[in-house]
Every structure is written in C-alpha cells, then in structure tokens.
Amino acid sequence: GGPESNATRGEERMPMVLSEPRTIRVVVHDFEQLEHLPGSYATTPVLDCHGLRWTVQIYPRGFRQVAEGEETYVAVVLTSETCGEGNREVGVFMHARVPANGHNSFVTSNANRGAAIRTMRRGMSNIGHKKFAERAAVLDPENGFLLNGSLTLEIEIRILQPQRRIWTPTDATAAKEVCSDLLKILDDADPNNADITFAVDGDSEEGGQEMFYAHRVILKTRSPTLAGLADESEHSTPIPI
C-alpha cells in the first residue's frame, strides 16, 4: 500500500496515494536588485493548484544572516493558504527547480533530493528549502539562471489523496459476466448510445459509406489506435476511415 495521512482523525484511515504532479511557475523580476535583508522575503499572489490555494515565498538573501566566509543561499518556501486559514489537513510533496534558459534541462539544488511528504495544517502550513541554491550561482551569468534579470522558479506540487477503489471480479464466473456485459454494450452500440462514429468506405462496386458505432472508453482500453483517431473529433462528426 501507499503512504497514509492522518488528515481524517477519528475516522477510518483510508489508503492514500500521491497525486500526479502539477506545476506552478513563479517569475521574480529584477532578482539581483531586490533589497531584502537576510530573513525577509518576497511573496507571490495566491495561486491555485490541485484545487487548493498557495503562495510562494522567496528569500533572496536566505533565512538568516550568515557568518563571514559562509555561502548565502536563496531559500524557497511553499505555503498552503487553504490549510493556514481553515481546519483542513493535506499531505504535500514539493519539488522546486530553476529552468535553465534556452535548455530543456533543469538546475536543482541538493536540498530537493529525497524530500519528504509534509502534512500541512493550521500553524504548520508551509514546506520548502532553506538552501535551495547558492546566491552567487544564481547571479553568475554563465549559469543562465536569470533571464533579463528575472529568476523563474517552477514549483512541482503533489498532494496525498484517497486511493481510488477499483472493483475487479474475484472469480471466473464474475469475470465471464463482465466480459459478456462489455460485449453486449459493444454489440448494441447505435447512434443513440454511442459516442464515436466511424465512417468506413464501401467497396468499389457499391460505393457509399458504412457507419460503425463505438464507445470511447472501450476503445481506449482495447484499441488505442482507433481511440486516438477520435481524440479531437466531436461526438456528432463521423470519423472517416
């Protein structure tokens, strides 16, 4: 089983799995010119992702004043405004990166590796990297972190959500009944209940077209090639073959 969350206290614990990743993009303009002191940050407007509200805080000169000779790190923090304002709890996995200008590769800090899931709630509604990247490396033109003086951050967010329960037949008789039902759905397809129509050219003597009706969900599992032909078609438009 996957990881579990304590978000539903007092109720039966349900298996939880990480969602697919979604990314929010943040652009910090004139990054080098920001006059924030160590421990102070710039924050973004509220952003929506996974149906929740988030803000991102960027500490241009790090979380704290460093001693002479120590490296100054840029810090990045993700805050859940939804959890901070209410009683909701949610498990969050965050991965932050800087897209290298003009390249497909990404530059990330060691702090991003092996990041853990954090349960966010009121009073504990943020997650982040205190040592995201060395400030000197971000400012170095040879690294290409800044584009026209602006720093772009991509924050990948995954949240814990209940695992979908999928019913499957547990014995041979039930499996045969399911197959029989699916075949009946396929055989009974007509203009009134199908959501895909294929127009197949007749032979050279008779000409004309013959219509074949199908169901999109069945094609996606049994014939991905035919399903792909229908991806951009409207329900009412026959697909020529």
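Values reported hereafter were calculated over all heavy atoms of this structure, with side chains retained and with hydrogens, waters and symmetry mates removed.
- Phe145 CZ to Thr152 OG1: the interatomic distance, rounded to the nearest 0.5 Å, is 12.0 Å.
- For the residue pair Glu154 and Thr23, no side-chain donor N or O sits within less than 3.5 Å of a side-chain acceptor on the partner.
- A distance of 10.5 Å separates CG in Leu219 from OG1 in Thr225, rounded to the nearest 0.5 Å.
- Among Val56, Asn126, Val76, Ile157, the one residue that satisfies the side-chain contact (heavy atoms from CB on, under 4.5 Å) test with Met94 is Val76.
- Panel note: side chain Ser125, backbone Arg122; no donor-acceptor pair is recorded below 3.5 Å.
- The structure places NE2 of His50 at 12.0 Å from OG1 of Thr82, a figure rounded to the nearest 0.5 Å.
- Hydrophobic clustering, with ILVMFWY side chains joined whenever heavy atoms are under 4.5 angstrom apart, keeps Tyr41 apart from Phe31.
- Using a distance-only test at 3.5 Å, with no hydrogens or angles considered, a donor-acceptor pair links the side chain of Trp54 to the main chain of Cys49.
- Counting non-hydrogen atoms of neighbouring residues, nucleotides and ligands closer than 6.0 angstrom, the OH atom of Tyr213 exceeds 12 such neighbours.
- Remark: the backbone N or O of Ile159 is paired with a side-chain donor or acceptor of Ser19 at under 3.5 angstrom.
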Let's go through Thr197 and Ile239 carefully: what are the C-alpha distance in whole Å and the side-chain angles of both, what is the deciding distance for side-chain contact (heavy atoms from CB on, under 4.5 Å) to 0.1 Å, and is it a yes or a no? CA-CA 6 Å; Thr197 303; Ile239 302 164; over 6 Å; no
Verdict with supporting geometry, Gln209 and Val200, side-chain contact (heavy atoms from CB on, under 4.5 Å): CA-CA 5 Å; Gln209 291 182 321; Val200 181; over 6 Å; no
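- Hydrophobic clustering (side-chain heavy atoms under 4.5 Å, transitive across Ile, Leu, Val, Met, Phe, Trp, Tyr) keeps Val26 apart from Tyr59.
- Distance check, rounded to the nearest 0.5 Å: OG of Ser40 to CD of Glu35 gives 10.5 Å.
- Atom CZ of residue Arg25 and atom CG of residue Leu47 lie 13.0 Å apart, to the nearest 0.5 angstrom.
- Arg64 and Glu70 are joined by a salt bridge, as a carboxylate oxygen and a charged side-chain nitrogen come within less than 4.0 angstrom of each other.
- In this structure, Glu71 and Val66 have side chains that are not in contact, with every pair of non-hydrogen atoms separated by 4.5 Å or more.
- When all heavy atoms are compared, the tightest approach of Ile196 to His215 is CD1-C, 4.4 Å.
- Counting heavy atoms from C-beta on, the side chains of Ile127 and Met120 come closer than 4.5 Å.
- Of the possible polar contacts, one joining the Asp140 side chain to the Glu142 backbone as a donor-acceptor pair under 3.5 Å is found.
- Note on Val98: it clusters hydrophobically with Leu139, by side-chain heavy-atom contacts below 4.5 Å among ILVMFWY residues.
- Of the possible polar contacts, none joining the Arg121 side chain to the Cys83 backbone as a donor-acceptor pair under 3.5 Å is found.
- Here the closest non-hydrogen pair linking Arg61 and Leu34 is NH2-O, 3.8 Å.
- Transitive grouping of hydrophobic side chains (ILVMFWY, heavy atoms separated by less than 4.5 Å) brings Leu146 and Val28 into a common cluster.
- Under a 3.5 Å cut-off, the side chain of Thr44 and the backbone N or O of Thr55 do not form any donor-acceptor pair.
- Under the 4.5 Å side-chain criterion, counting only non-hydrogen atoms from C-beta, Phe132 is in contact with Leu153.
- Under the 4.5 Å side-chain heavy-atom criterion for Ile, Leu, Val, Met, Phe, Trp and Tyr, Val74 and Ile24 are members of the same hydrophobic cluster.
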CA sep, side-chain torsions, deciding dist, call: Glu134, Thr72, side-chain hydrogen bond (donor to acceptor under 3.5 Å, both in side chains): CA-CA 6 Å; Glu134 293 180 7; Thr72 297; over 6 Å; no
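- With hydrogens and angles disregarded, no donor-acceptor distance shorter than 3.5 Å links the side chain of Asn143 to the backbone of Val138.
- Test Arg22, Arg97, His95 against Glu156 for side-chain hydrogen bond (donor to acceptor under 3.5 Å, both in side chains) and you get one pass: Arg97.
- Of the possible polar contacts, none joining the Arg118 side chain to the Phe93 backbone as a donor-acceptor pair under 3.5 Å is found.
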